[in-house]
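Below is one structure, written out as structure tokens; comments come after it.
For reference, positions follow the sequence shown, starting with 1. All ligand and atom numbering here is 1-based and tracks the order in the structure. Since we're looking at a predicted model, the values are computed, not measured.
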Amino acid sequence: MPKQMPPAHPFDDDKLKEECGIFGAIGLTDAANFVALGLHALQHRGQEAGGIVSHDPELGFNSERRFGYVRDNFTSQSLMERLPGPLAIGHVRYSTAGSKGAAIRDVQPFFGEFSMGGAAIAHNGNITNAIALRKELIERGSIFQSSSDTECIIHLMARSLQRNIPERMEDALRRVEGAFSIVAMTRTKLIGVRDPLGVRPLVLGQLGEGWILSSETCALDIIGARHVREIEPGEMVVISAKGGVESHFPFRRQSSRFCIFEHVYFSRPDSIIGGRSVYETRHQIGVELAREAPVDADLVCPVPDSGTPAAIGFSHESGIPFAMGIIRNQYMGRTFIEPTEQIRNMGVRLKLNVNRALIEGKRVILVDDSVVRGTTSRKIKEMILDAGAAEVHFRIASPPTAWPCFYGVDTPQREKLLAATMSEDEMRDHLQVNSLKFISLDGLYRAVGEAGGRNTKCPQYCDACFSGEYPVAPSDMIDKGFELKAAE
Ligand code: SF4
């Protein structure tokens, strides 16, 4: 039996979850060690499992895949010695496509042996036509090893008639719909690709003579690499240790639709997106929120940790003092305990505690990044009131999340999203708070640097989970009965 990952804590379920982080390195001695560090810095993007594939000119390809945190697996000397060579890629995952909590066979990177040599691939995103592709490939004789959508790319590459692996990958990716940032490797090359809309992030870094690909810049910092640039939407880079970086644009050029939620929540605040710190953007979201939804109160408190920069921005703009009214238990990891019913009932109190001395008798503004099901918001409100707060006002650093994401983020079904079934006032009453306000979509666009707000004819970002306007039709889900928003 494969080792199973301990279950996630139940109170982490009320957040959207980014599915994956990817990292690759070439031209570095024992590249897998750098990949392990990079994946550790990307652990916020996926905690279920991780894997690394390396290549050594004498020992060939080697692969290790494990459930659990990078720090618990890829720090063992004996394991890392099994990943030799100057070229390696890695992946941390939560999981969207592919079964959750499933077998080790679903853990990336995936490996394929082709007539011109082997290749490994790791993917962040979600292929929205994977069910149709899988069916077609199986009918034509492909034998799938996993339930992951990413494996379709390997089978499409196997069927391509192109001469080399980068060309086969181009061929395969032209058949794929949805969101993908990819790191891949052959025996001698590191390859990075972003889908034509650039929904998911991918950046290029340099460390000495070596090159790095990473989901986020925070993972370059941990190994001391220089941030060179973002891989552009629709770009494929093929990197060799001696030949440097070759860039191609194999897909039809389209306007970029980067995931706006990366700014709000998924990316780490110390990462840089579009030349600007994520922390700074989140701070600005708080400023916009204070302008759009002011309220008379005594304290601004973040829901830790992701609400903190926006709460600081809200406090600066409103002049209302900032306070850490809720303290997070930093050591509450997945591996703490297998929750029993009794522990489950303690819920959010295991992770967060109210700073009663600050809160008692105060009118409190709570700033959170999002409301998904609303279950955690309600529990936090109860804790704040139990601690003696006079009023509770929620300010949310994203617009109402009313639509599921099909581009590599784990979202509940639409009917489970609070904002899909209730208006803002109804949500306020449901949560039993004194007031509840979300930043507007225009306000969010202004905060990420679009001074004119959202261009309604040609939005500058993917914002489908707020707007219901999907930049790529989720064709598998439509086949399963998902109804798109009616045209206005
Ligand atoms: S639907 Fe939302 S979470 Fe998904 S890619 Fe678009 S903005 Fe990001």
Side-chain angles (χ1 to χ4, degrees), residues 14-22 44-46 94-97 123-130 149 176-182 194-202 215-216 230 233-234 254-268 271 273-274 278 281-282 285 306 368-373 396-414 416-420 438-445 447-450 453-456 458-478 482-485:
D14 200 21
K15 291 279 176 205
L16 299 190
K17 292 184 190 69
E18 172 59 60
E19 302 307 328
C20 305
I22 52 178
H44 59 289
R45 301 182 73 86
Y94 184 66
S95 65
T96 31
H123 164 216
N124 173 206
N126 192 42
I127 298 173
T128 52
N129 64 337
D149 59 339
V176 160
E177 295 169 9
F180 53 84
S181 280
I182 284 174
R194 269 179 97 190
D195 66 75
L197 299 175
V199 175
R200 304 255 72 91
L202 189 63
S215 293
E216 289 183 42
E230 292 181 4
Q254 298 179 47
S255 304
S256 158
R257 299 291 296 274
F258 182 64
C259 167
I260 203 162
F261 223 132
E262 290 279 352
H263 287 288
V264 175
Y265 177 64
F266 300 138
S267 292
R268 251 175 54 170
S271 282
I273 298 177
V278 173
T281 299
R282 288 182 190 162
I285 291 174
S306 47
D368 203 352
D369 53 78
S370 57
V371 172
V372 181
R373 292 183 178 88
I396 309 300
S398 60
T401 307
W403 297 85
C405 174
F406 299 117
Y407 306 134
V409 171
D410 184 46
T411 337
Q413 288 170 322
R414 181 144 200 255
K416 301 257 173 64
L417 296 169
L418 201 62
F438 295 80
I439 193 168
S440 68
L441 202 43
D442 267 330
L444 177 57
Y445 269 78
V448 299
E450 301 292 343
R454 183 178 191 258
N455 179 339
T456 46
C458 180
Q460 305 91 321
Y461 285 87
C462 174
D463 53 30
C465 47
F466 310 126
S467 65
E469 294 171 25
Y470 291 90
V472 181
S475 52
D476 282 342
M477 299 313 293
I478 292 169
F482 177 77
E483 288 180 32
L484 292 173
K485 183 172 152 182

Nearest heavy atoms of [X] and [Y], plus distance in Å:
X: Glu262; Y: Arg282; value: O-NH2, 3.3 Å
X: Phe261; Y: Cys465; value: CD1-SG, 3.7 Å
X: Ile273; Y: Ser267; value: CD1-OG, 3.6 Å

Can you list, by chain and residue number, the protein N, O or S atoms under 2.8 Å from atom 2 (Fe) of ligand 1? Cys465 SG

Could you list the atoms of ligand 1 found under 4.0 angstrom from a heavy atom of Val199? 5 (S)

Any atoms of ligand 1 less than 4.0 Å from a non-hydrogen atom of Arg200? List them with their elements.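 So the answer, numbered in order with elements, is 5 (S).
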
Drop me the distance from Ser398's OG to His263's NE2, to the nearest 0.5 angstrom.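 If we round to the nearest 0.5 Å, Ser398:OG and His263:NE2 are 13.5 Å apart.
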
Measure from the side-chain N and O atoms of Asp195 to the backbone N and O of Ala179, and report whether any donor-acceptor pair falls under 3.5 Å. no

NZ/Lys416: more than 12 non-hydrogen atoms of other groups inside 6.0 Å: no

Answer with yes or no after comparing the ring centroid distance for Phe466 and Phe438 against a 6.0 Å cut-off, counting only values under it.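 Ring-ring flag for Phe466/Phe438: false, centres at least 6.0 Å apart.
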
